[in-house]
Amino acid sequence: TEKDYYVLRDLVLRIYWDDEEEPSVESPLGDFFCCGFARGCMVNSLPIVVNPSRGFNSYFQMPFRKKDRITLENQHEAEIPAFFYQVDYTLYDEIPEDVAYFHAQWRREKITQLQKDYVILDNVKGKGHYVGTYMALTTLERYWWGEGEVKFYIDGDEEYPTICGTGTEDYFNHAWGMQKNAYPFFGTIVHESDTDGFQVSYRFHITDPVRFEKHLKVTIEHGHANHLSDDWSSTAYWYQTL
């Protein structure tokens, strides 16, 4: 049933590379696979595919040298009666010294702060490239939530970002408002036309990664210049040296 999907935000996925003590991937299971608000969505992108029968598939490359550890913690109020998984891997004789490791991080603000950007990602230190954004939001004030600029602060940017978009819908490769769709690199898979006030979108930078040498911070305005207080959550996907 639809209620069963609520568990998707109570199952926490973590991935540890080599000898890490802190995870490089930490996200609710549903949000990692672009299923916002613990709802089952049909996702048809290049790196993430979800089908109606609850098949969650990730095709991100995830290199490591020694080992990896994948855990799933159940924070739901009830036991999970069944969970099935499959991990495919390839053995190589040697991994390059400068290999970039896959990372993903989930964030949420139940009420976004006025006059302050929503932070998608921060405190990233190292060399790497940003490859995607998933965003899920609920409007608490009014119907239209968009227009906010997406900003990439790269390698020491402070007041002004290196990349500043022209609006939320433009970042997600729409133009006039948002439409329901699903493409290899971008899509809106929960739309206001489905449930009033809800929005779930993704944008993957597979062919146009945002590269950084030392530091990366990614933010987005909520509404015109952060004038709305809504419920926002997001998952950032990126690669970096450890």
Side-chain angles (χ1 to χ4, degrees), residues 15 17-18 20 22-27 31-32 34 45-48 58-64 95-109 112-137 145-175 183-187 201-228 232-242:
I15 302 178
W17 304 123
D18 295 341
E20 285 184 326
E22 298 294 329
S24 286
V25 173
E26 187 167 36
S27 170
D31 292 88
F32 179 84
C34 300
S45 74
L46 192 65
I48 296 290
S58 169
Y59 297 97
F60 280 112
Q61 293 186 5
M62 302 183 184
F64 58 93
I95 299 296
E97 286 297 321
D98 60 349
V99 67
Y101 287 73
F102 178 76
H103 289 66
Q105 183 185 98
W106 179 77
R107 292 185 176 220
R108 183 187 184 191
E109 284 188 20
T112 51
Q113 300 180 49
L114 296 176
Q115 308 305 316
K116 186 176 181 181
D117 285 5
Y118 173 86
V119 176
I120 297 173
L121 183 64
D122 197 7
N123 297 319
V124 172
K125 298 178 181 180
K127 181 179 180 180
H129 50 285
Y130 188 85
V131 295
T133 308
Y134 142 89
M135 184 184 73
L137 63 93
W145 48 268
E147 311 297 344
E149 299 171 349
V150 178
K151 305 170 186 176
F152 289 86
Y153 295 84
I154 302 172
D155 296 340
D157 290 342
E158 294 183 1
E159 184 176 1
Y160 299 107
T162 296
I163 300 175
C164 185
T166 56
T168 311
E169 58 272 35
D170 300 313
Y171 172 73
F172 287 101
N173 288 354
H174 297 258
Y183 297 109
F185 301 120
F186 68 93
S201 299
Y202 62 84
R203 165 77 161 90
F204 291 115
H205 300 261
I206 303 300
T207 58
D208 58 334
V210 179
R211 300 186 184 278
F212 57 95
E213 295 289 330
K214 299 178 181 179
H215 173 261
L216 179 67
K217 177 180 180 180
V218 185
T219 70
I220 183 173
E221 294 177 335
H222 38 94
H224 286 285
N226 300 316
H227 75 298
L228 297 175
W232 284 56
S233 59
S234 61
T235 303
Y237 308 87
W238 77 100
Y239 288 86
Q240 71 168 92
T241 54
L242 293 183

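All residue numbers refer to positions in the sequence shown, counting from 1.
- A heavy-atom distance below 4.5 Å is not found between the side chains of Thr219 and Ile120.
- Heavy atoms only, all atoms of each residue included: Tyr118 and Arg107 are closest at OH-O, 3.0 Å.
- The distance from atom CD of Glu109 to atom OG of Ser233, rounded to the nearest 0.5 Å, is 10.5 Å.
- When all heavy atoms of Thr133 and Tyr237 are compared, the pair lying nearest together is N-CD1, 4.1 Å.
- A distance of 7.0 Å separates OG1 of Thr112 from CG of Leu228, quoted to the nearest 0.5 Å.
- Between Ala175 and Glu169 the shortest heavy-atom distance is O-CG, 3.5 Å.
- Scanning all heavy atoms of the two residues, the minimum distance from Met62 to Phe32 falls at CE-CZ, 4.3 Å.
- By the 4.5 Å heavy-atom criterion applied to side chains, Glu221 and Lys151 are counted as neighbours.
- With Thr235 contributing its side chain and Asp31 its backbone, the two residues share a donor-acceptor pair below 3.5 Å.
- You'll find the side chain of Tyr134 stays beyond 4.5 Å of the side chain of Ile48, heavy atoms only.
- Distance CG/Leu216 to CG/Leu121: 5.5 Å, rounded to 0.5 Å.
- Using cut-offs of 30° and 60° on the angle between ring planes, the pair His174 and Phe186 is perpendicular.
- No side-chain heavy atom of Phe64 sits less than 4.5 Å from a side-chain heavy atom of Val99.
- Summarising the geometry, atom CZ belonging to Phe204 is positioned 4.5 Å from atom OG belonging to Ser45; distances are rounded to the nearest 0.5 Å.
- Residues Pro47 and Pro184 approach most closely at CD-O, 4.0 Å, considering heavy atoms.
- With sequence neighbours excluded, the residues forming a side chain to side chain contact (heavy atoms under 4.5 Å, CB included) with Gln240 are His103, Val124, Phe212, Trp238, listed by chain and number.
- You'll find the side chain of Val218 reaches within 4.5 Å of the side chain of Tyr130, heavy atoms only.
- Not a single donor-acceptor pair under 3.5 Å links the side chain of Tyr59 to the backbone N or O of Gln61.
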Check the pair Gln105, Asn123 against side-chain contact (heavy atoms from CB on, under 4.5 Å), reporting the backbone distance first and the verdict last. CA-CA 12 Å; Gln105 183 185 98; Asn123 297 319; over 6 Å; no
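- Taking 4.5 Å as the limit, every side-chain heavy atom of His227 sits out of range of all side-chain heavy atoms of His222.
- Here the SG atom belonging to Cys164 is positioned 11.0 Å from the CG atom belonging to Asp157, to the nearest 0.5 angstrom.
- Checked options Tyr171, Phe185, Phe172; the residue passing with His205 is Tyr171 (criterion: ring pair (Phe, Tyr, Trp, His ring centres under 6.0 Å)).
- Every residue two or more places apart in sequence or in another chain was checked for a ring-ring contact (aromatic ring centres under 6.0 Å, His included) with His215, and none qualifies.
- For the pair Phe102 and Trp17, the minimum side-chain heavy-atom distance is below 4.5 Å.
- Across all non-hydrogen atoms, the minimal contact from Asp155 to Lys214 is OD1-N, 2.6 Å.
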So Asn173 and Tyr183, side-chain hydrogen bond (donor to acceptor under 3.5 Å, both in side chains) or not? Walk me through it. CA-CA 10 Å; Asn173 288 354; Tyr183 297 109; over 6 Å; no
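- The distance from the CD atom of Glu149 to the CG atom of Asn226 is 9.5 Å, given to the nearest 0.5 Å.
- Counting heavy atoms from C-beta outward, Pro161 and Phe152 have side chains that stay 4.5 Å or more apart.
- Listed for the Glu147 side chain is no donor-acceptor partner under 3.5 Å among the backbone atoms of Thr168.
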